[in-house]
Amino acid sequence: MAGIVTCALTLSSRSNFTTSWLEFETRHRRTIRGEPKRWRNFGIRAEVDFVNSDEAKKLVTDEGYVVLDVRDRSQYERAHIKSCYHVPLFIENQDNDFGTIIKRTVHNNFSGLFFGLPFTKLNDKFVDSVQSQLSPKSKLLIVCQGGLRSTAAANKLEAAGFRNVACVTSGLQSVKPGTFDSEGSTELQDAGKAGLITIQGKISAVLGTVLICAYLFITFFPDQAEKLFQLAPSG
């Protein structure tokens, strides 16, 4: 004959930026023979917070959060927040097995050529690299370009014991110019733009400007425009 008594207590605290739970559970099992046996389980569960650019700035300036940039090397070099840590969640894939070579070739001829995206793979040393530079007690603001990589990185670090983790919603592409002091050749929100798509954008802007000017010229100077059309060679 035996009885089991289970008690559970959950404490919750919430601020503007963080939400956390403190949970512990005590189990008391009694048996007829021998002494009572007790088991105590104690754990902390943290939730990743998502903040906008203004809230992110306050976390860094007022609450002592450090910035962890998890983008690939090319985006980081184009623009990054000053004094941030850089540990990429994905690294360039330089493996030379047959399957990888085929995938890399296809990628470089399409996504790499048009969007300037490197061919990458998951960094299996990501958590170890972060732990070697930052304490689990550190307050981390994790950033990437679009928000997906920072979310994945935050979940990995939370599972590894980091309890104060925040991400910028929609990533650095949503950060207003001047919000953070940055370094690089472009603005933070433009660091993800590369490849032929950027050239196409510039060409489209030039053609648009030419067409607008031509329209205004024809509208306000119709006689001169007609003379120019008469001078143009006929097909």
task = Test Val143 against every option in Leu68, Val67, Val175 by the side-chain contact (heavy atoms from CB on, under 4.5 Å) rule and name the one that passes.
result = Val67

Which heavy atom of [X] sits nearest a heavy atom of [Y], and at what distance?
| X | Y | result |
| --- | --- | --- |
| Cys144 | Ser150 | SG-N, 3.3 Å |
| Pro136 | Gly161 | CB-O, 3.7 Å |
| Leu59 | Ala166 | CD1-CB, 3.8 Å |
| Tyr65 | Leu141 | CD2-N, 3.8 Å |

Just so I know, are the side chains of [X] and [Y] near enough to count as touching, which here means a heavy-atom distance under 4.5 Å?
| X | Y | result |
| --- | --- | --- |
| Val168 | Asn52 | no |
| Leu172 | Arg71 | yes |
| Ser174 | Thr169 | no |
| Val130 | Tyr85 | no |
| Phe126 | Ile91 | no |
| Lys156 | Leu89 | yes |
| Leu134 | Val87 | no |

query = For Gln145 and Arg78, does a side-chain donor sit closer than 3.5 Å to a side-chain acceptor?
reply = no

ask   = Checking side chain to side chain contact (heavy atoms under 4.5 Å, CB included) for the pair Val70/Ile142: CA distance, chi angles, key distance, verdict?
value = CA-CA 7 Å; Val70 299; Ile142 305 178; 3.7 Å; yes

query = Roughly how far, to the nearest 0.5 Å, is CD of Glu77 from CG of Asp72?
reply = 9.5 Å

Hphob cluster co-occupancy, Val66 + Tyr76, side-chain heavy atoms under 4.5 angstrom = no

Residues that Lys57 engages under side-chain contact (heavy atoms from CB on, under 4.5 Å), provided they are two or more places apart = Thr61, Thr179, Phe180

ask   = What pairs with Ser135 under side-chain contact (heavy atoms from CB on, under 4.5 Å), at least two apart in sequence or on another chain?
value = Lys137, Ser138

N/O donor to acceptor pairs below 3.5 angstrom from side-chain atoms of residues 181-189, sequence neighbours left out:
unit_1: Glu183; atom_1: OE1; unit_2: His80; atom_2: NE2; d: 3.1

